[in-house]
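In what follows, chains are A, B, ... by sequence order, proteins preceding strands, each numbered from 1.
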2 protein chains.
Amino acid sequence: MNILEKITNELDTLSKSERKVAEVILSSPSTVIHSSIAALAKQAKISEPTVNRFCRRLDTKGYPDFKLHLAQSLANGTPYVNRHVDENDTADEYTSKIFESTMASLELARKSLNSNDINRSVDVLTQANKISFFGLGASAIVAHDAQNKFFRFNVPVVYFDDILMQRMSAINSRQGDVVVVISHTGRTKSLVEVASLAKENDATVIGITTTGTPLAKECSIVLSVDVSEDTDLYMPMSSRIAQLALIDVLATGFTLRRGSKFRDNLKKVKDSLRSSRFERKD
Amino acid sequence: MNILEKITNELDTLSKSERKVAEVILSSPSTVIHSSIAALAKQAKISEPTVNRFCRRLDTKGYPDFKLHLAQSLANGTPYVNRHVDENDTADEYTSKIFESTMASLELARKSLNSNDINRSVDVLTQANKISFFGLGASAIVAHDAQNKFFRFNVPVVYFDDILMQRMSAINSRQGDVVVVISHTGRTKSLVEVASLAKENDATVIGITTTGTPLAKECSIVLSVDVSEDTDLYMPMSSRIAQLALIDVLATGFTLRRGSKFRDNLKKVKDSLRSSRFERKD
DNA sequence: AGAAAAAATGAAATTTTATTTCATAATTTT
DNA sequence: AAAATTATGAAATAAAATTTCATTTTTTCT
């Protein structure tokens, strides 16, 4: 844990003099890491042993060790955090906030993913007779993207962003088929039903959704993508990006499982697009 | 600069004994931050003053100060970098690599964006009579996503991922229309043509592409989204994610420009979806 | 190659910094 | 209000880092 947070937390377990030390440190931690124990004691108007005791109370070995912890906390700079866009933000500000929040979400999502489930998903995907990706709204584009990727693998793949098509497709699915259902909320009724229908028809259902949602309960494998809420502007933002990163992971797992010869084919697919592009001069 | 990198850089300006110190530090920096100068000297089999001189040569005030720098470098953790997926990676490894590369790309993309251009883009978007988003392949999903977002704003918006439709739409465009053309490579012939057609017909053309591409040259406003190459598996990965983040930025700018009353409407749009979802228990 | 100069190195001394000890002061409990 | 507990700092001690300086090693220049 960050030592600065720790100081704040334990502020009330400290004695009066120790609190003075804490206050000096909190008010200007970057100065403190360059101060000797004597200098800090003087600034806080207490004695050196008090500083020492203060350090020990925070589970450090002594003053130099404490400074080390402090230095590390300061170094952590701005780890990406969700920063909310504010009414009066300049373009620069909201751009930074959005990019940083997105990065923070990716970090969170990565933690919520379980490599075991990814492995199992890659297993079933590589062995599938047919792969279908279903999503609605913002998740539709994720399904769309997945189709675009898996299509390059030369496997039977479809995507639907239409409730009825999804339903028909789910009903017609069979053993050996894999249905990937994508929904951030995991509460979209029609998608939950589609998942359940596909499962009844013996398809393997992979859910890309948040942990513990109704959709998660209907799936054979759940790939949990937990991100902080997309509350800023009432529209999905980070969630779909984290889902796309997961699609990349699945696609990568797929190609790795298929071996190097398969990857040569991918290169051919890419090269086939060349004639549609303007040449690069460099 | 990271002190570990600095040590590596200056390795050949160091004397023989100092290099021994450097090697011990590089091989196990986390041990060193808990060692005294004597302990380190002993481990490197040199004298204490040598350690001290080593520290000074790296522009630190002395050994304790050096340790502080070292601690900070260690705390910085792994700044996100592009790490390439390897044939023998485990699921955990390639998942981490993909997420981290994505984050690294977002960081890069954010730097390549110019807030002035964003501001101008938001300007023209808020004043547009009609907005069209065009993309092909992986960029098609970005266009698709943009439509999804801007549709909520209750403005006339279309998206096309079909060459002919894009062409027809471009030809029919007029003053006051905004055409957003999305292409990572910026070299897709048909898209460059579409951009040029739209421009000839007096539409404002916003290009979401890499700096200095043929597409960029045809646009009224270029939003440069530079990411490191998506070379890993011959398919677009980070590029489309960075583009999506940019769409979020534009959508956010749009709503901020429109004011708070407009945002209440967005909430209504979101709430309208509620009945299609299973209730949340919490 | 060999002498002179320069640079590098470490032992010992010194200085700085941190910690411990212990007496006293402040606070809490009874 | 006395006793017990806890907090505090002065002084002593210990530890760590730095400086000084003599010695060794390396480099440069005949």
Side-chain angles (χ1 to χ4, degrees), chain A residues 3 6-74, chain B residues 3 6-74:
Chain A
I3 194 110
K6 194 167 181 176
I7 296 174
T8 315
N9 284 168
E10 309 218 340
L11 217 50
D12 31 82
T13 72
L14 297 175
S15 75
K16 217 190 324 175
S17 304
E18 284 168 353
R19 205 163 314 140
K20 284 188 201 163
V21 183
E23 274 154 20
V24 171
I25 295 167
L26 290 174
S27 75
S28 165
S30 49
T31 315
V32 172
I33 61 170
H34 295 115
S35 309
S36 69
I37 192 167
L40 175 55
K42 194 173 169 193
Q43 227 199 318
K45 300 201 178 100
I46 45 78
S47 72
E48 301 179 25
T50 301
V51 175
N52 199 273
R53 280 186 289 259
F54 167 85
C55 296
R56 289 227 170 78
R57 202 174 297 260
L58 288 150
D59 302 313
T60 64
K61 290 178 73 185
Y63 185 66
D65 189 42
F66 169 80
K67 284 212 291 188
L68 243 41
H69 282 267
L70 192 58
Q72 294 195 322
S73 299
L74 291 179
Chain B
I3 194 109
K6 192 167 185 179
I7 296 174
T8 315
N9 282 169
E10 308 219 338
L11 216 50
D12 32 84
T13 72
L14 297 176
S15 76
K16 215 188 331 170
S17 303
E18 284 169 352
R19 205 165 314 141
K20 284 188 201 164
V21 183
E23 275 155 20
V24 172
I25 294 167
L26 289 174
S27 75
S28 163
S30 49
T31 315
V32 173
I33 60 170
H34 295 116
S35 308
S36 68
I37 193 168
L40 175 56
K42 195 174 169 192
Q43 228 200 318
K45 298 202 178 97
I46 45 78
S47 73
E48 301 179 25
T50 302
V51 176
N52 200 273
R53 281 187 288 260
F54 166 86
C55 297
R56 289 226 170 76
R57 201 173 298 258
L58 288 150
D59 302 315
T60 63
K61 291 180 71 184
Y63 185 67
D65 189 43
F66 169 80
K67 285 213 292 186
L68 243 40
H69 282 266
L70 192 59
Q72 294 194 321
S73 298
L74 291 178

Exercise for the section: Summarise protein proximity over nucleotides 16-25 of chain C in one line of letters, 5' to 3': B for base, S for sugar-phosphate only, - for none, counting protein heavy atoms closer than 4.0 Å. Expected result: --SBB-----
Handout entry: Under 4.0 Å protein heavy-atom contacts per nucleotide of nucleotides 22-28 of chain D, with B for base, S for backbone only and - for none
Key = ----S--
Is [X] reaching over with its side chain to a backbone N or O of [Y], donor-acceptor style, under 3.5 angstrom?
X	Y	result
B:S28	B:V24	no
A:K67	A:I37	no
A:T60	A:D65	no

How long is the gap from [atom1] on [X] to [atom2] on [Y], to the nearest 0.5 Å?
X	Y	atom1	atom2	value
A:I46	A:K16	CD1	NZ	13.5 Å
A:D12	A:R19	CG	CZ	7.0 Å
B:L26	B:T8	CG	OG1	5.0 Å
B:H69	B:I7	NE2	CD1	11.0 Å
B:K20	B:K45	NZ	NZ	8.5 Å
A:K61	B:H34	NZ	NE2	7.5 Å

Practice task
For D:dT8, take OP1 and OP2 only and decide whether either is under 4.0 Å from a side-chain N or O of A:S47.
Solution key: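 Answer is no, no contact under 4.0 Å.
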Handout entry: Any B:S15 side-chain nitrogen or oxygen under 4.0 Å from OP1 or OP2 of C:dT9
Key =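 For B:S15, the contact criterion (side-chain N or O under 4.0 Å from OP1 or OP2 of C:dT9) is met.
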Could you state the atom-to-atom distance from [atom1] of [X] to [atom2] of [N] in whole Å?
X	N	atom1	atom2	value
A:K45	D:dT8	NZ	C1'	17 Å
B:E18	C:dG10	CD	P	10 Å
B:L14	C:dA7	CG	P	16 Å
A:L40	D:dG9	CG	P	13 Å
A:F54	D:dG9	CZ	C1'	18 Å
B:K42	C:dT9	NZ	P	21 Å
B:I46	C:dA11	CD1	P	10 Å

Practice task
With the side chain counted from C-beta on, respond yes when A:L40 and A:I25 share a heavy-atom pair under 4.5 Å apart, and no when they do not.
Solution key: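 A side-chain contact exists here, since the closest heavy-atom pair is under 4.5 Å.
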Handout entry: Angle by which the axis turns from one end of the helix from C:dA1-D:dT30 to C:dT30-D:dA1 to the other, five pairs per end, to 10 degrees
Key =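 That helix gives 30° between its end axes.
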Practice task
Output yes when B:E10 and B:R57 qualify as a salt bridge under the 4.0 Å nitrogen-oxygen rule, no when they do not.
Solution key: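 No, B:E10 and B:R57 are not salt-bridged.
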